[in-house]
A.B. asks: 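Sharing a structure with you now.
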There are 2 protein chains.
Amino acid sequence: MTDSDTHHPIFDLSADIARTLGHAHRLVLLNHIAEGEKAVERLTDLTGLGVANTSQHLQHLKRAGLVQTRRDGKRVLYRLAAGPIEMVLAALRSLAEHNNAQLRELVEGGAANTAARLENISREELIRRMNEDSIVLLDVRPADEFATGRLPRAINIPVEELELRLAELPRDKLVVAYCRGVRCVLSADALAILRAHGWVARRFEQGFPDWLDAGLDVEDGHYNSG
Amino acid sequence: MTDSDTHHPIFDLSADIARTLGHAHRLVLLNHIAEGEKAVERLTDLTGLGVANTSQHLQHLKRAGLVQTRRDGKRVLYRLAAGPIEMVLAALRSLAEHNNAQLRELVEGGAANTAARLENISREELIRRMNEDSIVLLDVRPADEFATGRLPRAINIPVEELELRLAELPRDKLVVAYCRGVRCVLSADALAILRAHGWVARRFEQGFPDWLDAGLDVEDGHYNSG
DNA sequence: CAATCATTCAATCAATCTATTGAATGATGA
DNA sequence: TCATCATTCAATAGATTGATTGAATGATTG
């Protein structure tokens, strides 16, 4: 009955933050910024928004304490503020993906076994199953990125072509899709497509950059799809 | 450069969810619902909102896929939907608390060592340090709740009285505040107050119910503050 | 079946938010 | 210092959102 139970400032603060995240443009901006400090102009290029509009959204983000700025000559560089922001973004995306998957499930009719299929696959399990040859690795990045380096024995089908080229994927193996890393949405998209067509698919969330960082085997020159 | 990089549906879905969370009333409702299925009337009582208003907010939450309903006689019961909703709420609150702490830091002048002080204390560490007597356990729930049961050797100062009764707390020990559990905001509030006055404080996030569940020692009758 | 109760719907007004436009600021370099 | 460039500010119009009111729905009880 104390009103601190119902009108607690933490709810107002949380709501402020959530409202700030409640606009697709700002989420896109935030995700670009999360990949590295960027100037306003660069962000307008990346998003296709007008300059003033971008600036306005950025200041909204700044007011909410999600980004910080510094000046470098004429430019103002935006970077992510400290704190568990990425955790919030990750949780939010994960929830959105979950809800989206459930939605598709309703539409598609297949009902029971989504939870398991949604899961990410850990690097350890991925390596183990690559050695067992019990999976198909699917690289859904654009062909040019694939050409510069990829996980061993990965097949490349850019996500835009995936629906048309599904026949290239075996039905009797787990498909593990990967792309540029946790903040890249291509593999999430791929999962949705695969699921919608009855494949059993999981996702290697860390993607290619992480594989690289871990110093693991990378193919770089010749295609080796056997 | 593909527009799936910038106009990806996942951002719209995430934004929808975030916008839905972007109102303090809905956050309050959601937190009440997270504690257990509740009817609309009960929620109006808990929040003090009008019935129609509450219903409207609840339907907003429902549209966004955050809650689900079932009918029980005349009543409609709202419960949390499946999925990582609680994770989002936790992350959001954690970020809000972080930002709030940083804000106060700026105001108060103390600057460097917040991160450590913000951290929750695990049950293991708590038990260890209780045995070492290297902490002071602070129960910030209302006196009546404290009277019905508490952690061993806890001191009770309801959070509303905390600022006035700070003198009762030693300066030379870590203060560990707890309340009703992860969804209870009292201890978060207490931390803010303690921090603002220079105490070194942490939080036992799981709170009293979890301690109880774990079957650990509980004091129930007599005050035992030595 | 009529009365009652819990919830939802519909309509309204005020408040807030977004994109756009064009002007203003602030730093740089000739 | 003047011109230029990147960014921000200010003002506007259109759209969306929130609280309130009163009526409508749907299930239960007598």
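Residue numbers start from 1 in every chain, and the chains themselves are labelled A, B, ... in the order their sequence lines are given, proteins ahead of strands.
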A.B. asks: Hey, what's the ring geometry for A:Y178 with A:F208, parallel, tilted or perpendicular (30° and 60° as the breaks)?
C.D. replies: parallel

A.B. asks: Which residues pass the side-chain contact (heavy atoms from CB on, under 4.5 Å) test with A:R70, sequence neighbours left out?
C.D. replies: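 A:R70: side-chain contact (heavy atoms from CB on, under 4.5 Å) contacts with A:E37, A:D72, A:L77, A:R79.
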
A.B. asks: When the C1' atoms of the five terminal pairs at each end define the local axes, what inter-axis angle does the helix from C:dC1-D:dG30 to C:dA30-D:dT1 show, to 10 degrees?
C.D. replies: 20°

A.B. asks: Which residues pass the salt bridge (charged side-chain N to carboxylate O under 4.0 Å, His left out) test with B:E35, sequence neighbours left out?
C.D. replies: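 Testing B:E35 for salt bridge (charged side-chain N to carboxylate O under 4.0 Å, His left out), a comparison that skips the adjacent residues, returns none.
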
A.B. asks: If a pair satisfies salt bridge (charged side-chain N to carboxylate O under 4.0 Å, His left out) and one of its residues is in residues 137-147 of chain B, list it, with sequence neighbours excluded.
C.D. replies: B:D139-B:R141, B:E145-B:R180

A.B. asks: Under the rule for side-chain contact (heavy atoms from CB on, under 4.5 Å), what residues qualify as partners of B:L216, not counting sequence neighbours?
C.D. replies: B:R123, B:I127, B:W211, B:A214

A.B. asks: By side-chain contact (heavy atoms from CB on, under 4.5 Å), which residues pair with A:V76, not counting sequence neighbours?
C.D. replies: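 Expected list: A:T69, A:R71, A:Y78.
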
A.B. asks: What pairs of nitrogen or oxygen atoms, one from the protein and one from nucleotides 9-13 of chain C, lie under 3.5 Å apart?
C.D. replies:
from  : atom 1 : to    : atom 2 : distance (Å)
C:dC9 : OP2    : B:Q59 : OE1    : 2.4
C:dC9 : OP2    : B:Q59 : NE2    : 3.3

A.B. asks: Who pairs with B:H60 by ring-ring contact (aromatic ring centres under 6.0 Å, His included), at least two apart in sequence or on another chain?
C.D. replies: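 With sequence neighbours excluded, B:H60 shows a ring-ring contact (aromatic ring centres under 6.0 Å, His included) to no residue whatsoever.
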
A.B. asks: Who are the side-chain contact (heavy atoms from CB on, under 4.5 Å) partners of B:Q56, not counting sequence neighbours?
C.D. replies: B:N53

A.B. asks: Would you kindly give the NE2-to-P distance between A:H23 and D:dA15, to the nearest whole Å?
C.D. replies: 15 Å

A.B. asks: Between protein and nucleotides 23-28 of chain C, what N or O pairs are separated by less than 3.5 Å?
C.D. replies:
none

A.B. asks: Apply salt bridge (charged side-chain N to carboxylate O under 4.0 Å, His left out) to B:R19 and list each qualifying residue two or more places apart in sequence or on a separate chain.
C.D. replies: B:D16

A.B. asks: Restricting to side-chain hydrogen bond (donor to acceptor under 3.5 Å, both in side chains), what partner residues turn up for A:E205, sequence neighbours left out?
C.D. replies: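 In terms of side-chain hydrogen bond (donor to acceptor under 3.5 Å, both in side chains), with neighbours along the sequence ignored, A:E205 is linked to A:N120.
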
